[in-house]
Amino acid sequence: MNKIVEKEDFSEKVVKLVVEAPLIAKARKPGNFVIVRVGEKGERIPLTIAGADVKKGTITMIVQKMGVSSKKLCALEVGDYVTDLVGPLGKPTEIHNVGTVLCCGGGVGVAPLLPIVEGYKKAGNKVITVLAARNKDLLILEDEMRKHSDEVIIMTDDGSYGKKGLITEGMEEVIQREKINECITIGPAIMMKFCSLLTKKYEIPTMASLNSIMVDGTGMCGACRVTVDGKTKFTCVDGPEFDAHKIDFDEMMSRLGGYKTEEQDKMDHFQE
Amino acid sequence: MERSEEYIKNERKKEWRVELQKKTKAKDRMAIERVKMSEQDPNERIKSQRIEVNKGLSAEQAVQEAMRCMDCVNPTCMEGCPVSINIPKFIKNIERGEFGKAASVLKETSALPAVCGRVCPQEVQCEQKCFYVEKLNQPSVAIGYLERFAADWERESGEIAVPECAESNGIKVAVIGSGPSGLSFAGDMAKLGYDVTVFEALHEIGGVLKYGIPEFRLPNAVVDVEIDNLRNMGVKFITNYIVGQTATLEDLKGEGFKAFYVGSGAGLPRFMNIPGENANGILSSNEYLTRVNLMGADSEDSDTPVLRGKNVVVVGGGNTAMDSVRTAKRLGAENAMIVYRRSEEEMPARVEEVHHAKQEGVEFLTLTNPIEYIADENGRVKQVKVQKMELGEPDASGRRRPIPMEGSEYTIDATVVVVAVGVSPNPLIPNSVEGLEVSKWGTIEVVKDKMQSSIPEVFAGGDIVRGGATVILAMGDGRKAAANMDTYLKEKYLSKKVEQ
Ligand SMILES: Cc1cc2nc3c(=O)[nH]c(=O)nc-3n(C[C@H](O)[C@H](O)[C@H](O)COP(=O)(O)OP(=O)(O)OC[C@H]3O[C@@H](n4cnc5c(N)ncnc54)[C@H](O)[C@@H]3O)c2cc1C
Ligand SMILES: Cc1cc2nc3c(=O)[nH]c(=O)nc-3n(C[C@H](O)[C@H](O)[C@H](O)COP(=O)(O)OP(=O)(O)OC[C@H]3O[C@@H](n4cnc5c(N)ncnc54)[C@H](O)[C@@H]3O)c2cc1C
Ligand code: SF4
Ligand code: SF4
Ligand code: FES
């Protein structure tokens with residue numbers, strides 16, 4: 001049982017939660033995630049650790065309301081408890097000083113990107129961050145990103161903020177302007193696929209952080225498997241970050257829909 | 001547990017035993033037919049994941065079955081039991097109506113008799129070595145049923161004695177993993193006076209007993225009673241704690257833990273690496289069983305979804321495969337099939353489970369192996385391409401090796417496929433503890449009989465050492481490790497105190 005000590009609504013769909021978890025706060029590294037469960041009938045869902053405060057013994061999660069489980073989590077208030085919380089899980093991001101890094105985040109993928117941006121900056125890199133959202137209201141963490149980036153470029157689908165256009169357009173502008181040594185992309189699978197195609201064209205080493213469906217998060221079930229370089233990998237223990245140019249994104253996207261009908265049934269049941 | 005032949009012989013000469021021996025003639029004992037376990041009707045039981053199939057023996061049935069046992073001078077049955085339960089002693093206690101005493105005999109050597117009575121592969125262990133089988137070629141004494149009877153009787157009588165624990169010696173030991181191996185270790189160490197904490201990665205205690213083996217074979221309540229028992233003995237349980245991730249072994253040492261028992265199991269599912277295996281609808285038995293047994297996905301009000309299908313194929317022939325295919329039946333599959341590459345004779349599953357699966361309408365396609373999966377336009381599996389096999393010469397495991405038959409391929413329709421072809425050791429601990437010697441299969445290397453690893457204060461047992469075995473072997477390891485760790489710790493910490 002972990003107590004919620006802070007809650008903030010970023011938008012109608014996105015909520016920030018700060019939760020007591022002293023051991024995880026101490027052990028976590030950028031790129032790690034946790035598994036959360038709400039209620040005795042709750043599902044186990046993975047969420048990135050967006051930040052941590054070792055002194056206060058808390059971790060921050062930024063949650064997008066998708067289906068039943070994320071909605072139940074977002075419905076909790078300060079003082080409530082998360083039934084189960086386990087982590088840190090996954091391999092941490094390999095952060096080195098490589099020169100100039102292009103960090104690309106879309107939708108709620110911006111949340112897991114934050115600790116990585118922080119990490120790259122701390123390691124002495126020049127960090128250029130491109131954030132994308134459907135519209136102004138859905139954009140999150142802009143201020144935090146600016147604090148840790150040398151430059152932030154914002155792209156919206158409808159042009160309501162920043163530049164109008166897709167994330168790849170913002171990226172390409174930067175790539176053509178200066179030498180990029182490494183790229184990282186986190187967001188919806190389709191976005192990561194196109195980011196990856198773009199950087200492949202320019203031969204920029206790129207990592208993508210995958211949000212596969214998970215159950216245990218410890219390598220026990222294989223629900224999270226993806227094909228990387230023709231081999232089956234488990235996102236929870238071998239990832240969540242992989243060489244983007246080697247990921248079979250089409251398979252990955254198809255697998256994200258593996259429980260679609262069943263999830264919808266749960267949602268209908270929940271709303272009744 | 002070490003027990004001399006002489007001890008066993010003397011026990012047999014106790015007055016009450018001799019009296020029973022004289023009371024009924026051997027001929028009359030042998031004339032009794034082996035008891036039949038009463039079972040839930042197959043059509044009824046497949047309606048729920050939570051109805052136990054075997055109903056247990058009545059007291060009359062148990063006493064009658066106990067009479068069949070010849071109280072052999074040389075009880076060969078005990079050789080077949082990995083923890084050498086004093087089988088005739090517990091059975092004769094049942095015969096004389098002392099059911100509580102029978103349960104105490106079981107507890108001398110087994111930490112979880114109600115579990116083992118249900119899930120031990122008795123037919124290849126104790127029962128295979130029974131006099132009836134060895135000398136008379138007749139059905140063995142139903143040792144497993146009797147074991148379950150005595151343990152259940154004790155539990156249901158509400159008179160579970162909390163074992164006596166030695167005075168606390170203040171030494172902290174940690175257990176990594178709460179499967180049968182860790183639990184039995186924890187119990188023994190608590191009895192010896194240690195301060196025991198069990199760390200478990202999942203949100204439930206019990207390991208495979210909870211997330212793997214379904215309730216129709218092993219009700220959670222049976223396991224929970226044993227866990228409560230350990231709690232009453234002072235064992236602490238911490239869930240949602242992954243040793244090596246949440247904190248390291250070194251961190252735990254910093255908190256004062258002096259020694260560790262790794263019982264982290266064989267949780268890594270194997271796949272076959274055949275084309276199409278990552279299509280939707282194809283999942284490991286671990287995922288399938290975890291969703292249902294740990295997360296309760298069979299019930300409407302669980303938030304965890306599970307895939308249901310009209311045609312479900314389960315690949316494999318072990319207990320895990322049987323549990324999966326019978327789970328599929330209970331989730332409403334019209335056709336639930338086992339696809340297994342050898343013949344039924346080679347199936348590693350308990351015979352009773354195969355029998356029960358058949359009663360429940362499970363189809364068996366033996367000498368058949370999947371070679372490819374075919375998905376529909378949405379990426380969901382729709383067919384399994386299989387190949388017929390024939391048996392060749394015995395391989396290293398002693399089982400005859402299956403050889404593919406050219407040109408025998410055909411397809412089976414299925415929208416859910418469960419892959420149950422085995423597991424590998426859980427790599428979390430081996431990867432996170434420096435200096436720990438690991439075999440090429442990923443199992444932790446230990447000094448046999450001591451269960452001590454290459455790091456003196458780290459002991460290990462169960463599936464993480466054996467790479468996939470049985471509940472009773474995992475428990476036996478836990479007990480052995482406890483005895484040896486006790487010696488190790490007493491030498492290191494307590495003998496000095498005595499000298500002072
Ligand atoms: C390593 C990792 C880190 C993650 N970090 C975060 C995070 O920091 N913040 C956050 O909000 N989410 C994160 N996610 C995604 C999050 O776990 C899912 O959104 C959540 O499990 C959805 O559960 P649900 O029951 O609310 O929705 P569901 O009912 O499961 O899903 C609703 C709809 O969303 C789709 N969906 C399901 N799972 C995912 C997924 N993983 N990604 C995209 N679509 C999906 C389904 O197809 C369905 O249509 C992460 C995932 C992984 C694997
Ligand atoms: C479906 C199924 C059916 C089976 N049926 C039978 C049967 O009928 N009869 C029989 O005798 N055997 C059966 N077996 C085999 C038997 O269950 C195992 O041999 C036995 O459970 C092994 O016990 P264990 O304690 O070594 O490990 P497990 O029971 O696997 O427990 C290990 C525990 O350790 C936890 N863990 C792992 N790493 C860490 C870590 N780093 N930190 C904290 N916790 C950790 C895991 O989450 C798990 O709970 C079956 C197995 C399965 C999967
Ligand atoms: S523990 Fe298993 S092998 Fe031993 S006597 Fe009991 S059922 Fe037989
Ligand atoms: S071998 Fe069979 S008959 Fe003999 S003591 Fe053991 S259970 Fe009884
Ligand atoms: S989530 Fe189960 S293996 Fe990755």
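Naming: A, B, ... by sequence-line order, numbering from 1 per chain.
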For [X], is it the side chain, the backbone, both, or neither that has a heavy atom closer than 4.5 Å to a heavy atom of chain A?
{"X": "B:Leu428", "value": "side chain"}
{"X": "B:Tyr241", "value": "both"}
{"X": "B:Val306", "value": "backbone"}
{"X": "B:Ala375", "value": "neither"}

For [X], which atoms come within 4.5 Å of any heavy atom of chain B: side chain, backbone, both, or neither?
{"X": "A:Arg44", "result": "both"}
{"X": "A:Lys26", "result": "neither"}
{"X": "A:Leu89", "result": "both"}

[X] atom [atom1]: more than 12 heavy-atom contacts under 6.0 Å:
{"X": "A:Lys65", "atom1": "NZ", "result": "yes"}
{"X": "A:Glu94", "atom1": "CD", "result": "no"}
{"X": "A:Lys71", "atom1": "NZ", "result": "yes"}

**OP:** Would you kindly say whether B:Asn378 and A:Ser254 are connected by a side-chain donor-acceptor distance under 3.5 Å?
**Re:**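 A:Ser254 and B:Asn378 do not have a side-chain donor-acceptor pair below 3.5 Å.
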Original post:
Picking from A:Leu23, A:Asp84, A:Asp250, A:Val226, which has the most non-hydrogen pairs under 4.5 angstrom with chain B?
Top reply: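 Winner by heavy-atom pair count: A:Asp84.
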Do you know which two heavy atoms are closest between [X] and [Y], and how far apart they sit?
{"X": "B:Gln245", "Y": "A:Ala27", "result": "O-CB, 3.6 Å"}
{"X": "A:Lys41", "Y": "B:Asp301", "result": "CB-O, 3.3 Å"}
{"X": "A:Val38", "Y": "B:Asp303", "result": "O-OD2, 4.5 Å"}
{"X": "B:Pro269", "Y": "A:Met220", "result": "CD-O, 3.2 Å"}
{"X": "B:Ala201", "Y": "A:Val86", "result": "O-CG2, 3.7 Å"}
{"X": "A:Leu85", "Y": "B:Asn240", "result": "O-CB, 3.5 Å"}

Roughly how far apart are [X] [atom1] and [Y] [atom2], rounded to 0.5 Å?
{"X": "B:Ile282", "Y": "A:Arg225", "atom1": "CD1", "atom2": "CZ", "answer": "7.0 Å"}
{"X": "A:Asp216", "Y": "B:His203", "atom1": "CG", "atom2": "NE2", "answer": "11.0 Å"}
{"X": "B:Arg380", "Y": "A:Lys260", "atom1": "CZ", "atom2": "NZ", "answer": "14.0 Å"}
{"X": "A:Arg37", "Y": "B:Thr304", "atom1": "CZ", "atom2": "OG1", "answer": "8.0 Å"}
{"X": "B:Leu294", "Y": "A:Cys221", "atom1": "CG", "atom2": "SG", "answer": "11.0 Å"}

Is there a donor-acceptor contact under 3.5 Å from the side chain of [X] to the main chain of [Y]?
{"X": "A:Arg255", "Y": "B:Asn278", "value": "yes"}
{"X": "A:Lys266", "Y": "B:Ser302", "value": "yes"}
{"X": "B:Ser284", "Y": "A:Gly222", "value": "no"}

Subject >> With sequence neighbours excluded, residues passing side chain to side chain contact (heavy atoms under 4.5 Å, CB included) with A:Asn211 >> reply: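 Once residues adjacent in sequence are excluded, the partners of A:Asn211 under the side chain to side chain contact (heavy atoms under 4.5 Å, CB included) criterion are A:Met192, A:Met252, A:Leu256.
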Subject >> Validation row: A:Tyr259, B:Leu307 side chains within 4.5 angstrom (heavy atoms) >> reply: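 A:Tyr259 vs B:Leu307: side chains touch.
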